[in-house]
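Below: the structure, in structure tokens.
Below, chain A is the first sequence line, B the second, and so on; all start at residue 1.
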2 protein chains.
Amino acid sequence: MDTTQRTEQQRSADRRRRELLEAADRVVLRDGPQASMNAIAAEAGITKPILYRHFGDKGGLYAALAKRHTDALLDSLRAALDAPAERRERVEATLDTYLAAIEARPQVYRFLMHPSDGSPGEQGFDVGKHSAPLLRRMGEELAQVIEDRVDLGPGSQQLARVWGHGIVGMMHAAGDWWLGERPCTRAELVRSLADLLWGRLAAAGDKLGGPGV
Amino acid sequence: MDTTQRTEQQRSADRRRRELLEAADRVVLRDGPQASMNAIAAEAGITKPILYRHFGDKGGLYAALAKRHTDALLDSLRAALDAPAERRERVEATLDTYLAAIEARPQVYRFLMHPSDGSPGEQGFDVGKHSAPLLRRMGEELAQVIEDRVDLGPGSQQLARVWGHGIVGMMHAAGDWWLGERPCTRAELVRSLADLLWGRLAAAGDKLGGPGV
DNA sequence: GACTCACGTTACCGCTAGTAACACGCACGT
DNA sequence: ACGTGCGTGTTACTAGCGGTAACGTGAGTC
């Protein structure tokens, strides 16, 4: 009895929690990452303390919110990464998946990448602790895939992790810039980035004439 | 006379401004990016309204503060980029310069990369507008250097810009991760990243056995 | 009918960014 | 010599934020 009753309550609580998250989602989508707790509570039709009872603090709510989108995006990326195709094709598909996602919902992307900060009270100075968790997770996932599928010889694990985070950062920064300026099509961007990863920078020759021409 | 008098005042104002910036620098170095205007004013030995008279709002102060460090770092990077050496050597030197800088002053780095946000009142939804300006500037600079010195054939300008931002992002993300976990020495990180840019990912073979081993 | 307990509220605290209004000092014109 | 601006600085304030304590209130239970 005790257990069933508890599960009943827990289900109710979970449903409420999901409703609150969806309301928060709507507000963040509308107001950007600096959406206030008041606004979120109002959108959900309740008041602040309930939010705090469910999520602890603003950081908790944002973390829960971010986890949903992050998981969704990572699923898409995994599908592209694990497809049975040539490596270059997989790389291009993954880049394109990511860029299509941030292109489709820029606000969500901005929220995930610039979560302002979690808790203004605690200020642990660990660099990167407040940094976007999405980038870290993507980097780790990519590192795992690289290590699993690419033969890198000795020191492969460490190399794979460096590359995972590096490639993700490349994708992110180029995507951020591209989203702001739109200097080319998505396909062109994907091709350019893949070319970079394929060593075209090293293969290209020096420009003649030195500085001046 | 009028001009000399004005310059006199302007010099005084500039000196004051520099003093304020140095005080703000100290506070940000100590309290992180969420240093309050009150704290900065107290450190400078004055009160808030003076800060606002000099810098407009918090965003203005942070922009001025960031510009100093950004300019300094960019100068170092330019020196490494323009050195008369082989391309690979220059790339490694540049990576190392950047990583050494963020290693030496993590707080400054964090402040430059995560400027919270400038103006909470205005919320224009341009993605990337609030993003770290340092990354953008580094990306543009690197793009220029690539375009000037590397022969990329047709479409070189656009390609150079994509690569500039992409490489900077790679450097940034890998540096951020490395600074947090310190999984290897700086030299190893530099070498791994340079290897990535040199196409070692494309050159490596598939791992045998498929998924499972 | 009294008790419990989760759900929800109002009203508050301490903090922040930012501003209006007032006060001192110093060079200036008449 | 005496106002008069004007730059420099202050105090005291507003509006809004994250977060919390204390207070209803209605449903199920003995």
Side-chain angles (χ1 to χ4, degrees), chain A residues 1-20 23-24 27-28 31-65 111 115-123 130, chain B residues 1-20 23-24 27-28 31-65 111 115-123 130:
Chain A
M1 301 185 197
D2 203 40
T3 54
T4 59
Q5 189 180 0
R6 286 241 166 144
T7 50
E8 179 79 14
Q9 288 179 358
Q10 202 167 340
R11 284 202 173 186
S12 172
D14 277 7
R15 221 178 39 213
R16 209 56 117 199
R17 188 186 156 97
R18 220 167 292 170
E19 289 174 12
L20 299 187
V27 176
V28 166
D31 292 358
Q34 71 268 37
S36 80
M37 297 295 267
N38 254 326
I40 294 174
E43 170 72 26
I46 52 159
T47 50
K48 272 193 300 178
I50 304 183
L51 281 182
Y52 285 97
R53 283 227 254 271
H54 274 270
F55 300 102
D57 60 350
K58 188 174 186 175
L61 199 167
Y62 273 39
L65 211 54
F111 165 71
S116 292
D117 49 351
S119 47
E122 304 171 301
Q123 39 191 18
H130 288 256
Chain B
M1 299 186 202
D2 203 40
T3 57
T4 59
Q5 188 181 1
R6 288 239 164 145
T7 50
E8 179 78 13
Q9 289 179 358
Q10 201 166 341
R11 283 200 173 188
S12 171
D14 275 8
R15 222 178 38 214
R16 210 59 117 194
R17 188 185 157 96
R18 221 168 289 172
E19 289 174 12
L20 298 186
V27 176
V28 165
D31 292 357
Q34 71 269 38
S36 80
M37 296 296 268
N38 254 326
I40 294 174
E43 171 72 26
I46 51 159
T47 50
K48 273 193 301 177
I50 302 182
L51 282 183
Y52 284 96
R53 284 227 256 270
H54 273 271
F55 301 102
D57 61 351
K58 190 173 187 177
L61 199 167
Y62 274 38
L65 211 53
F111 164 70
S116 291
D117 48 351
S119 46
E122 303 173 302
Q123 39 192 18
H130 288 255

### Task
Kindly give the heavy-atom pair with the smallest separation between Asp57(A) and Met37(A), and that separation in Å.
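Shortest heavy-atom contact: C-CE, 4.4 Å.
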
Could you state the atom-to-atom distance from [atom1] of [X] to [atom2] of [N] in whole Å?
X	N	atom1	atom2	answer
Ile40(B)	dG18(C)	CD1	P	11 Å
Asn38(B)	dT19(C)	CG	C1'	13 Å
Asp31(B)	dT16(C)	CG	P	10 Å
Met37(B)	dT19(C)	CE	P	10 Å
Arg15(B)	dT8(D)	CZ	C1'	14 Å
Arg17(A)	dA6(C)	CZ	C1'	17 Å
Leu61(A)	dG18(D)	CG	P	11 Å
Tyr52(A)	dA21(D)	OH	P	13 Å

### Task
Would you list the pairs meeting side chain to side chain donor-acceptor pair (under 3.5 Å) in which at least one residue belongs to residues 44-54 of chain B, sequence neighbours left out?
none

### Message
Tell me the bend of the helix from dG1(C)-dC30(D) to dT30(C)-dA1(D) as the angle between end helix axes, each from five pairs, rounded to the nearest 10 degrees.
### Response
30°

### Asp31(A) side chain reached by Ile40(A) side chain, heavy atoms, under 4.5 Å
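Ile40(A) does not reach Asp31(A) side chain to side chain.
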
Kindly compute the distance separating [atom1] ([X]) from [atom2] ([Y]), expressed to the nearest 0.5 Å.
X	Y	atom1	atom2	result
Leu61(A)	Arg17(A)	CG	CZ	8.5 Å
Ile50(A)	Leu20(A)	CD1	CG	7.5 Å
Arg15(B)	Arg18(B)	CZ	CZ	9.5 Å

Would you tabulate the nitrogen or oxygen pairs shorter than 3.5 Å linking the protein to nucleotides 9-15 of chain D?
{"unit_1": "dG9(D)", "atom_1": "OP1", "unit_2": "Arg16(B)", "atom_2": "NH2", "d": "2.9"}
{"unit_1": "dG9(D)", "atom_1": "N7", "unit_2": "Arg53(B)", "atom_2": "NH2", "d": "2.4"}
{"unit_1": "dG9(D)", "atom_1": "O6", "unit_2": "Arg53(B)", "atom_2": "NH2", "d": "3.2"}
{"unit_1": "dT10(D)", "atom_1": "OP2", "unit_2": "Thr47(B)", "atom_2": "N", "d": "3.0"}
{"unit_1": "dT10(D)", "atom_1": "OP2", "unit_2": "Thr47(B)", "atom_2": "OG1", "d": "2.4"}

### Message
Suppose we call two aromatic rings close when their centres sit under 6.0 Å apart. Are Phe111(A) and Tyr62(A) close by that rule?
### Response
yes

